[in-house]
Amino acid sequence: RKEYVDLYVNYVFNESIRKAFEDFLQGFLRGCPTRKWKMFLPMELQIILEGHTKFDWHLLEKNVRYRSYKKLDGTIRNFWAVFHKLPEEKKKMFIAFVTGSDRIPVYELEELKFSIVDPEEKNPDEAWPSANTCSHILYLPR
């Protein structure tokens with residue numbers, strides 16, 4: 001029985017997917033040649049492939065640009081007060097809402113900027129925050 005289980009597990013996890021995995025590996029190695037990976041430590045390579053998973057939220061706040069707002073406006077102060085009280089997962093969800101991804105590419109950690117813009121709604125109490133992920137813009141009604 002043990003031999004049967006071992007052969008079955010090997011088939012399910014190795015043999016049955018061999019062709020699909022080889023095709024995937026060939027395409028992956030075309031885009032990410034392994035000879036260039038040798039210069040990186042494992043943690044560096046993980047950050048390059050996955051992006052940063054830990055953020056400096058105060059640096060993010062410092063890098064924000066404001067349009068139709070000033071840094072000391074009540075809406076902005078309230079926004080950041082609430083934001084900094086959020087748990088880590090909710091902050092990552094916010095990053096995904098504004099940028100389209102909950103990860104920051106390795107080259108953008110210090111450079112990630114987004115804008116907070118007043119959409120100038122006639123009745124801001126009935127408007128929702130929205131985002132333009134391509135331009136990293138948060139439309140935040142007053």
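Computed from heavy atoms alone, side chains included, the values below leave out hydrogens, waters and symmetry copies.
- Within the structure, the salt bridge (Lys or Arg N to Asp or Glu O under 4.0 Å) test picks out no pair touching residues 124-138 (sequence neighbours left out).
- At least one donor-acceptor pair under 3.5 Å links the side chain of S16 to the backbone N or O of Y11.
- A pairwise comparison of heavy atoms in D118 and P141 identifies OD1-CA, 4.4 Å as the closest pair.
- Separation of the F28 and F21 ring centroids does not fall under the 6.0 Å cut-off.
- Residues N10 and N14 come closest through the heavy atom pair OD1-ND2, 2.6 Å.
- Closest approach of G100 to T133, counting heavy atoms only: N-CG2, 3.7 Å.
- Every residue was checked against the side chain to side chain donor-acceptor pair (under 3.5 Å) condition with S135, not counting sequence neighbours, and none meets it.
- A 4.5 Å side-chain heavy-atom check between T99 and F114 finds every atom pair outside the cut-off.
- Within the structure, the side-chain hydrogen bond (donor to acceptor under 3.5 Å, both in side chains) test picks out the following pairs touching residues 19-33 (sequence neighbours left out): K19-D23.
- Partners of E3 by salt bridge (Lys or Arg N to Asp or Glu O under 4.0 Å), not counting sequence neighbours: none found.
- Within a 6.0 Å radius of CD in E89, other residues, nucleotides and ligands contribute 12 heavy atoms or fewer.
- With sequence neighbours excluded, the residues satisfying side chain to side chain contact (heavy atoms under 4.5 Å, CB included) with L41 are E44.
- Each salt bridge (Lys or Arg N to Asp or Glu O under 4.0 Å) pair with one or both residues in residues 65-86, not counting sequence neighbours, appears once here: D73-R142.
- In this structure, F97 and A131 approach most closely via the heavy-atom pair O-CB, 3.3 Å.
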